[in-house]
Amino acid sequence: MSQEAYDHTAVESRWQEAWADASVYRTADDVDDPTYVLGMYPYPSGKLHMGHVRNYTITDAYARYRRMRGDDVLHPMGWDAFGLPAENAAKERDTNPRDWTFDCIDTMRGQMKSMGFGYDWDREITTCTPEYYEWNQWLFSRFSDAGLVERREAEVNWCPSCETVLADEQVEGDAELCWRCDTPVETRDLDQWFLKITEYADELLEAIDDLEGWPNSVRQMQRNWIGRQHGSEVDFRIEGHGSVRAFTTRLDTIHGATFFALAPDHPISEELAAEDDAVHEFVRHEADPDGDEPNGVETGLTATNPVTGEEIPVFVADFVLSDVGTGALMAVPAHDERDHAFATKKGVEIRPVIAPEPDDWDGETIPDAPDVSEAAFTDDGVLVDSGEYGGLDSETARERLTEEIEGAEESTQYQLRDWGISRQRYWGTPIPVVHCDDCGPVSVPDEDLPVELPEFINTTGNPLDAAEEWKATTCPDCGAAATRETDTMDTFVDSSWYFLRYVSPDLADAPFDLDRANDWMPVDQYVGGIEHAVMHLLYSRFFTKVLADEEGLDHREPFTNLLAQGMVQLDGEKMSKSKGNVVSPQRIVEEYGADTARLFMLQAAQPERDFDWSEEGVKSTHRFLARLSDLVEGYAAGDVATVGRDADRDTVDEYVADEVDAAVAIAGDEYDDLTFNVALREAQDLVRTLRSYREHAEPHPDVYERGLDVAVRLLAPVAPHLAEELWETLGRDGFVVEADWPSATADRETVERRRRLVANTREDVRDIVEVAGIEDPERIDVVVAPDWKYDALEIAIDSDADNLISELMQESHIRAQGDEAASYGQDLQAEREALSGTLSGDEEYAALRAAAWLIEREFDAPVVVERANDAPDDVARKAEPGRPAIDIAE
RNA sequence: GCGGGGGUGGCUGAGCCUGGCCAAAAGCGGCGGACUUAAGAUCCGCUCCUGUAGAGGUUCGAGGGUUCGAAUCCCUUCCCCCGCACCA
């Protein structure tokens, strides 16, 4: 047999063409409810990288597996084709974003095809085409109709280098750098378009609990991002400035409020800065919200505590953030760490008003106040020194105080902000609005959509601003001269509903076919990188909910199961161009073939874990495929000496047949769980078993051929080209991609017990041979326990009687064993709690006979497997269920 | 700080939810053997300690607990990674 690698290039291109010609990945519009398998569509940056390959290998393998299981499968692909890099690239290359993007798409589509990814390319979508972005505009108008669009001036993150607005999420790190170019981000006030995602904050938060197919980490990140907090708002009066509202989650601590603090950009701080030099100095120069130290300046004003009437000093402090709560807070240094630090620094009183609840608290006695001189006590407890509220527990006190303080009310705060979708860039969806001097901003009527992008103009600012002809239009309402909105949409708008477009990608009068979407959604299995845990996944959930409320979609969540795939690393480090440690998928495909790359990736680790790329591993995977190829081709070519097809099966044949069953039973479970690594190990082990079957025995053709056939099918989802080639070599009809998944006659528990029995018995023989120092065994007897012991074991497992022995003795055939039964009964009694089921005596006998050749081969001695009745008593006596007696003659 | 995930044999890493078949899968590395002129590849074993018949001992970050029985459940504690964070 040769160890030459098979010609992967020829094999792969041959089947890629055959699949395409036969449209095997096409999902017809009239299927009822296909299994929807989706990988996050890529930004067409130029070439596929290993992260893409891993992502799409996972979805492809799963899609193929589901298809073999008999499901209709929807497995589409598209392009997240708008975005800033295209503009930058166009400028660098003196071309335009459209041409550059489509070039990239062509390259990447070709790479995907060469990887053998089985997409329904008839459903391909490209977000930068008017046919797609028209529906972004249409949806914008629907959101607008539903009152979910707002235009307002907002302080935005502005990247001076990209000359664009960034979402909060696109600003990275404490240094606040642009996510694309690492330039420090500035702030600007601009009129911006917002989608009111906060209207859905409660549902987005609460529905996370039901997303049981999502990883906990992602669910938790979304909860944090939404950041809902229940508390109270309460008014403090500041002389000369009226009432100032503060939000607190700890209204129970209000008697301990010893100062009041305002954000540097709070309106009152601004007023004070105008008249007070110290405040001005602080607000304009000293305030450092990003620093670790809380800084502040005393204003000389006092605020009136609405409960106690006490006058407390007012500070302007940089640890107070204007976008948190109300931008003003009552500070309780005794019970808040940050307030404590500030009070210590400024010498403000620290007055404890909450004591830890005593262990034996009677619910009435007021405990002693805790010592808070060194650190705040931040837990809930019992109120002390709080007037009529003393002795209440924190929670009750909060409720009563909220009720009884004049003007106080319950309030819920969110960290989630409305989604600013305006971008001052060219390469995005034009926001479908016209600005009219008389009518203000007016939506472009649906019949005038899409508002298409004009030709690209190479300019430093926003090219749409420079497109004078395009900008000039008329007001849809009054017909007067008007100008177009020049902002484009954040590309996350595109990706918030693209999974719906695949359902009906060519539909001309709606974004998606509602009936079909209701049948086909949600996505059953979504796979992508963890970096989209918050933005893309949250926005998609938001869109889905709005479409459910406004457009009759029957689903409120887009993705049932989510897999966040791990990174492909090199020597423990993330691959990146800047580190120069990138492995090119292109090279791997050329050198080893797509099947090798796919198989290596999936068997290297569980899909959600990071793993190290290893050239050695790739080579070893490639050799495996070559061996498999040899094995199948050798058989097909008649090079394997087999027994006649009508020969009886001997024990080796039975063993191999059992192992084939075992592989099927285990691999199927593991594919279901997306633990490809385990499934593939099983398939690889099966190939190894078949090889040694060929080497050490004359295979039975039925058994051997079924083994090869099963191995090919188990590997088909991951190594589809070679599987297809070998499927044909075996003379099977049709495509393996359309073949049925193999079925097993044994369940997983049985095959695992069988394997364990065989493995334990083999180990025991080795132990004996070694420990007893047997040089050259002459004969090995393996004796399976008598049936009555299996019966006794079963009774013992089911029994809850105190006296097991008397229960056993009620069985006449056990009682008939006399002392032996009593002795075994005592053993069972002693291990009562630890007993577990085994195979039946007959099954054990069959399994051991089938495996006997392994022992024979290893020790070069005949092995006799027999039932207890046929063996000498002194040997048979030691046999127990799950543990045959072993007698070795020297 | 809060939240999430982890700490397992020389290394990587499964097992932990649903306690017992766990001295603990698999891979790598190492050792021995087969094949080969040789190397490579492949195949068969071994790889915590002790042991002349399948046994015993000590292990799963540390310490306690529950249980007939704990890598697995509970508590305390230390360390690592990820996300969020001067969030009122």
Side-chain angles (χ1 to χ4, degrees), chain A residues 1 3 174 215-225 227-229 231-233 246-251 253 257 261 263 288-295 317-321 323-332 335-339 341-342 378 413-415 530-531 533-534 572 603-606 608-612 614 616-617 619-620 623 626-627 675 677-678 681-682 684-685 688 691-692 695-696 752-753 755-757 759-774 830-838 854 857-858 878 881-888:
Chain A
M1 299 288 152
Q3 282 294 325
D174 291 339
N216 282 333
S217 56
V218 174
R219 295 161 82 187
Q220 196 57 41
M221 283 163 80
Q222 294 212 347
R223 287 192 190 102
N224 289 344
W225 192 259
R228 182 168 73 182
Q229 269 194 312
S232 306
E233 285 186 21
F247 173 77
T248 177
T249 55
R250 293 300 303 274
L251 194 58
T253 63
D288 175 18
D290 301 322
D292 291 334
E293 275 284 295
N295 302 305
D318 60 7
F319 69 85
V320 185
L321 307 177
D323 60 349
V324 175
T326 59
L329 61 85
M330 66 170 211
V332 185
H335 303 293
D336 180 282
E337 284 171 18
R338 189 202 45 235
D339 296 348
F342 189 82
T378 57
Q413 297 286 321
Y414 300 87
Q415 217 167 298
I530 189 75
E531 66 272 21
V534 175
Q603 55 127 63
Q606 286 184 18
E608 48 275 280
R609 307 189 85 96
D610 297 343
F611 81 96
D612 267 13
S614 141
E616 270 312 304
K619 285 183 179 154
S620 133
R623 286 195 300 266
R627 286 200 297 279
T675 39
N677 54 327
V678 182
R681 187 168 69 218
E682 207 52 51
Q684 291 184 302
D685 280 351
R688 190 186 340 195
R691 270 170 69 82
S692 70
E695 301 295 323
H696 296 276
E752 287 184 343
R753 279 181 179 168
R755 283 183 173 181
R756 199 147 48 215
L757 173 72
N760 287 346
T761 305
R762 292 178 71 189
E763 269 173 45
D764 284 345
V765 173
R766 276 176 216 131
D767 266 2
I768 294 168
V769 167
E770 192 192 316
V771 174
I774 298 168
E831 297 176 78
R832 205 68 195 272
E833 310 289 338
L835 299 174
S836 60
T838 62
L854 291 167
R857 191 185 61 183
E858 187 174 339
K878 287 194 282 185
R883 190 152 190 274
I886 296 167
D887 188 64
I888 302 175

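Given the structure is predicted, the values throughout are model-derived calculations rather than measurements. Just so we're on the same page: letters track the sequence lines, and every chain starts at 1.
- Distance A/Arg250 CZ to B/C87 P: 14 Å, rounded to the nearest Å.
- Using a 4.0 Å heavy-atom criterion, one finds that A/Asn295 contacts no nucleic acid atom at all.
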Determine, step by step, whether A/Arg250 and A/Val332 satisfy the side chain to side chain contact (heavy atoms under 4.5 Å, CB included) criterion, reporting the C-alpha distance in whole Å, the side-chain angles of both residues, the deciding distance to 0.1 Å, and the verdict.
-> CA-CA 9 Å; A/Arg250 293 300 303 274; A/Val332 185; over 6 Å; no

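- As judged by a 4.0 angstrom heavy-atom cut-off over every strand, A/Pro215 is placed among residues making no nucleic acid contact.
- Taking OG1 of A/Thr761 as the start and CZ of A/Arg883 as the end, the distance is 9.0 Å to the nearest 0.5 Å.
- Distances shown here put every side-chain N or O of A/Arg681 at or beyond 4.0 Å from the OP1 or OP2 atom of B/A25.
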Report the C-alpha distance between A/Gln220 and A/Arg223 in whole Å, list the side-chain angles of each, state the deciding distance to 0.1 Å, and finish with yes or no for side chain to side chain donor-acceptor pair (under 3.5 Å).
-> CA-CA 5 Å; A/Gln220 196 57 41; A/Arg223 287 192 190 102; 2.9 Å; yes

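- Separating the CG atom of A/Asp336 from the C1' atom of B/C2 is a distance of 14 Å, rounded to the nearest angstrom.
- A/Asp288 places none of its side-chain heavy atoms less than 4.5 Å from the side chain of A/Glu293.
- The gap from the P atom of B/U67 to that of B/G19 amounts to 16 Å, rounded to the nearest Å.
- Among the protein residues, A/Ala885 comes within range of the nucleic acid bases, having at least one heavy atom under 4.0 Å from a base atom.
- Here the P atom of nucleotide B/G3 and the CZ atom of A/Arg223 are 13 Å apart, to the nearest Å.
- For the pair A/Arg883 and B/A55, the criterion of a side-chain N or O lying under 4.0 Å from OP1 or OP2 is met.
- Of the candidate nucleotides B/G3, B/C84, B/A53, B/A53 has the atom nearest to the side chain of A/Ala772.
- Side-chain nitrogen and oxygen atoms of A/Arg627 include at least one within less than 4.0 Å of the OP1 or OP2 phosphate oxygen of B/U42.
- Here the CG atom belonging to A/Asn224 is positioned 7.5 Å from the CD atom belonging to A/Gln415, to the nearest 0.5 angstrom.
- Comparing B/U8 with B/A23, their C1' atoms sit 12 Å apart, to the nearest whole Å.
- Across the P atoms, B/A25 and B/C75 are found 29 Å apart, a figure rounded to whole Å.
- Between B/G7 and B/U72, the two P atoms lie 12 Å apart (nearest whole Å).
- Between B/A85, B/G83, B/C86, one nucleotide has an atom nearer to the side chain of A/Met221 than all others, and that is B/G83.
- For the C1' atom pair drawn from B/G30 and B/G10, the interatomic distance equals 9 Å after rounding to whole Å.
- Residue A/Gln220 is classed as a sugar-phosphate contact, given heavy-atom separations below 4.0 Å to backbone atoms only.
- Among the nucleotides B/G5, B/A41, B/G83, the one closest to any side-chain atom of A/Asn216 is B/G5.
- Spacing between atom CD of A/Glu608 and atom P of B/G5 amounts to 13 Å, rounded to whole angstrom units.
- Picking from B/G3, B/U42, B/A53 the nucleotide with the shortest atom distance to the side chain of A/Arg691 gives B/U42.
- Toward the 5′ end of RNA chain B lies the nearest nucleotide of A/Arg753, the other residue of the pair A/Arg753 and A/Ile530 mapping further downstream.
- For the P atom pair drawn from B/U12 and B/C17, the interatomic distance equals 24 Å after rounding to whole Å.
- Rounded to whole Å, the distance from CZ on A/Phe342 to C1' on B/C86 is 12 Å.
- Rounded to whole Å, the distance from CZ on A/Arg688 to P on B/A41 is 15 Å.
- Phosphate contact (OP1/OP2 of B/G45, side-chain N/O of A/Arg762, threshold under 4.0 Å): present.
- Side-chain atoms of A/Asp767 stay outside donor-acceptor range of the base of B/G54, with no qualifying N/O pair under 3.5 Å.
- Taking the C1' atoms as reference points, B/G64 lies 24 Å from B/G57, given to the whole Å.
- Between A/Leu321 atom CG and B/C87 atom P there is a gap of 8 Å when expressed in whole angstrom units.
- The two residues A/His335 and A/Thr378 make their nearest non-hydrogen contact at O-CG2, 3.6 Å.
- Residue contacts for A/Asn677: at a heavy-atom cut-off of 4.0 Å it reaches no nucleic acid atom on any strand shown.
- Taking the C1' atoms as reference points, B/G40 lies 39 Å from B/G51, given to the whole Å.
- Here A/Phe342 contributes atom CZ and A/Asn295 contributes atom CG; the two are 8.0 Å apart, rounded to the nearest 0.5 Å.
- Under the Watson-Crick or G-U wobble criterion, with both distances below 3.5 Å, B/G1 is paired with B/C84.
- Contacts of A/Val332 with the nucleic acid, taken as non-hydrogen atoms under 4.0 Å apart, are absent.
- Annotation: side chain of A/Asp339 is in contact with side chain of A/Leu329 (closest heavy-atom distance under 4.5 Å).
- Across all strands shown, B/G9 forms no Watson-Crick or G-U wobble pair with both key distances under 3.5 Å.
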Polar atom pairs (N or O), protein with nucleotides 46-48 of chain B, under 3.5 Å:
unit_1, atom_1, unit_2, atom_2, d
B/C46, OP1, A/Arg766, NH1, 3.3

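- Using a 4.5 Å cut-off on side-chain heavy atoms (C-beta onward), A/Gln413 and A/Thr249 make no contact.
- Mapping A/Ser692 and A/Asp318 onto RNA chain B by nearest heavy atom places A/Ser692 closer to the 5' end of the strand.
- Residue contacts shown for A/Pro884 include a base, since a base heavy atom lies under 4.0 Å away.
- With both pairing distances under 3.5 Å, B/G29 is matched to B/U47 as a Watson-Crick or G-U wobble pair.
- Proximity note for A/Arg338 (side chain, C-beta onward) versus B/C87, B/U42, B/G83: the nearest is B/C87.
- Between the CD atom of A/Gln684 and the OG atom of A/Ser620 there is a distance of 7.5 Å, given to the nearest 0.5 Å.
- Here the side chain of A/Arg338 pairs no donor or acceptor atom with the backbone of A/Pro294 at under 3.5 angstrom.
- Of the candidate nucleotides B/C84, B/A53, B/G83, B/A53 has the atom nearest to the side chain of A/Ile768.
- The distance from atom CG of A/Asn760 to atom C1' of B/A55 is 15 Å, rounded to the nearest whole Å.
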